[in-house]
J.: 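A single structure is presented below for examination.
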Amino acid sequence: PLAYVLLAAFFKDPLRLSSGVTLGGLEEAYTSTTMYRVLGESIVLAAAVGVIYTAIGTYLAWTTSRVRLCGARARDILIVAPMFLTPFVTTIAWVWLATPGTGVLNKALSAIHVPSVLQPDVLSTGGIIFVLVTYSVPYAYLFVGGAMQRADGSLEEASRLCGRGNGYTALRVLLPMLRGALLSSALFIAILTLGEFAVPAVLDQRGAFTPFAVYLYDAVSGYQQNLPLAAALSSELMIVCLVGLYFYRRSVRATQRFISVSGRRGASSPVTLSSRWSAVVIWIATTIYAFVTLVIPLVSLILMSLTSYFAPSLSAMKFSFSNLWRAVWTNEVRTATVHTVELAIVVPLAATALGFGIVYLSERLKLRGAGPLSYLGSLPIAVPGIVMGVGLFFIYVRTPLYATLPLLALGFVAAYVTHAIRLVGNGFHQIDPALEEASRICGASRGRTFVRVLAPLLRPSLLSAMVLI
């Protein structure tokens, strides 16, 4: 599909390759100063989102796996739960809550004479970044948390025995061991932000900042459809992704520097905070995070579903269960729910298995051609889902697979296998191959070595990949 989309940039009608060759789309995409400016601004925004939210996710992961806190399991659920609300749904909730002049929160603040300058404004660049936190931080938490759980705790214990504090130990000992996971998290979130068009399209109503992905979406599904231009813009995103992927692989190519799971692995003992107030502050911060990213949007969506019309305030709402009953008893909704559950089971299993196979071939067996296969598996993340859908449409529109559930599963696996490659790859970078070699020397087959050695060590990464997908 991606190859066909790139090929479509050279033809007037992508559905008919005999329609003639044109360079109009490539010329508009690669010679326009406006497009380069928008792409540069989008890259800056994506890089900022990737770095900031990876830092937040790393801190949350450290306080969960390295600090002795009561209710650590419940805290883990609170941190990950916001990712189960899709960005578009969360955006709808915040538009109802924080639109200047008409939002529920804004009206409530105006009633108590709070200046408009101090009121939330979700229809802005800051609002776009704020909404993106609802799913970026859980991703960073999963990326870094799985690697942190496998890190050798004896190195941190040695640092503390030498008189170093928790902060110094985390910055100078733990974080260097997590370099692969940190870079992978920042790269993944940055590319995910580059391809996100639903949130900016809804929140950028003033035109102050229109990300690159919105231009691409308009070229595909706008009033004046321009598929050659969409293909050319997609190629620019792919180039940016490949450059970032190249520097990532260059940074972690000496994987021996990041090995923290070996035959001499030491157990990690959680540190005890010097003051109870520190634990209270951590829990308060976690509660605020969960309340802002999960509770408020979820309650807003529930209230919106129980109203007959879009009300600007709580007092103006007229509650009714008619919308919910129509949704529950509609055959289309029930069928869609069943299909969604089927895809939610099949796609993570297939994508994680495929991602593990690609990483195992390239990282352990070192087979010729496995490196390019890893690059190929990482390409889909550089392309927005709408472009992948257009490519699948071009290829399968004349086949029996068109408009079927297997085609949806195929598209999702192709789009999400790169997530499995990154997460499972981080796990492999931390596991010493000597463990597998020792198992083989003792007479175990590759299959038994995987079941008894690799699988237990990779379990956090495999589970994180399946949950993420």
Side-chain angles (χ1 to χ4, degrees), residues 43-67 69 71-87 90-91 94 98 120 122 124-149 151 166-172 174-194 196 199 244 248 270-271 273 278-298 419 422-423 426 460 464 467-468:
I43 292 175
V44 171
L45 172 67
V49 170
V51 172
I52 293 172
Y53 294 148
T54 296
I56 296 175
T58 302
Y59 173 76
L60 293 174
W62 181 79
T63 54
T64 300
S65 63
R66 288 297 190 267
V67 177
L69 290 174
R73 189 174 298 275
R75 187 169 177 272
D76 183 72
I77 296 174
L78 288 177
I79 295 172
V80 177
M83 71 181 299
F84 296 102
L85 286 178
T86 62
T90 306
T91 301
W94 280 108
V122 76
S124 62
T125 304
I128 295 174
I129 297 176
F130 171 75
V131 172
L132 291 176
V133 74
T134 59
Y135 70 102
S136 296
V137 169
Y139 285 168
Y141 179 81
L142 289 175
F143 268 95
V144 180
M148 195 174 292
Q149 290 177 9
N166 295 330
Y168 182 93
T169 300
L171 292 175
R172 300 299 299 272
L174 181 60
L175 291 188
M177 290 193 295
L178 302 176
R179 179 177 175 181
L182 295 173
L183 291 176
S184 183
S185 172
L187 175 66
F188 171 77
I189 294 175
I191 294 177
L192 195 66
T193 304
L194 274 177
E196 178 60 46
V199 174
Y248 164 77
V271 298
L273 297 175
S278 300
V280 172
V281 170
I282 291 176
W283 259 109
I284 291 176
T286 304
T287 303
I288 294 175
Y289 160 81
F291 195 76
V292 171
T293 60
L294 177 64
V295 177
I296 292 180
L298 188 58
H419 306 344
R422 298 273 69 81
L423 282 170
N426 291 337
S464 296
V467 171
L468 180 64

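These numbers come from the heavy atoms of this one structure, side chains and all, not from hydrogens, waters or symmetry mates. Starting from 1, each residue takes its place in the sequence as its number.
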J.: For residues W94 and F130, determine if any side-chain heavy atom of one lies less than 4.5 Å from a side-chain heavy atom of the other.
T.: yes
J.: I'd like a table of donor-acceptor pairs (distance under 3.5 Å, sequence neighbours excluded) in which one partner is a side-chain atom from residues 140-148, with atom names and distances.
T.:
{"from": "Y141", "atom 1": "OH", "to": "T64", "atom 2": "OG1", "distance (Å)": "3.3"}
{"from": "Y141", "atom 1": "OH", "to": "D76", "atom 2": "OD1", "distance (Å)": "2.4"}

J.: Please list all pairs meeting side-chain hydrogen bond (donor to acceptor under 3.5 Å, both in side chains) that have one or both residues in residues 287-298, counting only residues at least two apart or in different chains.
T.: none
J.: Considering only heavy atoms from C-beta outward, does the side chain of T169 approach that of L174 to under 4.5 Å?
T.: no
J.: What is the minimum heavy-atom distance between L171 and P176, and which atoms define it?
T.: O-CD, 3.5 Å
J.: Can you find a heavy atom in the side chain of R75 that is under 4.5 Å from one in the side chain of T63?
T.: yes
J.: Do the side chains of Y53 and I129 get nearer than 4.5 Å, heavy atoms only?
T.: yes
J.: Taking the side chain as C-beta and beyond, is there a heavy-atom pair between L60 and I56 under 4.5 Å?
T.: yes
J.: Excluding sequence neighbours, so at least two apart, what forms side chain to side chain contact (heavy atoms under 4.5 Å, CB included) with P87?
T.: Y135, E196, V199
J.: Could you state the interatomic distance from OG1 (T58) to CG (L175), rounded to the nearest 0.5 Å?
T.: 7.0 Å
J.: Looking only at heavy atoms, which two atoms of P297 and V292 are closest? And how far apart?
T.: CD-O, 3.4 Å
J.: Which atoms form the tightest heavy-atom contact between T54 and L182, and what is the distance?
T.: CG2-O, 3.9 Å
J.: How many angstroms lie between CD1 in I43 and OG1 in T193, if you round to the nearest 0.5 Å?
T.: 12.5 Å
J.: Please report the shortest heavy-atom distance between V49 and S136, naming the atom on each side.
T.: CG1-OG, 4.1 Å
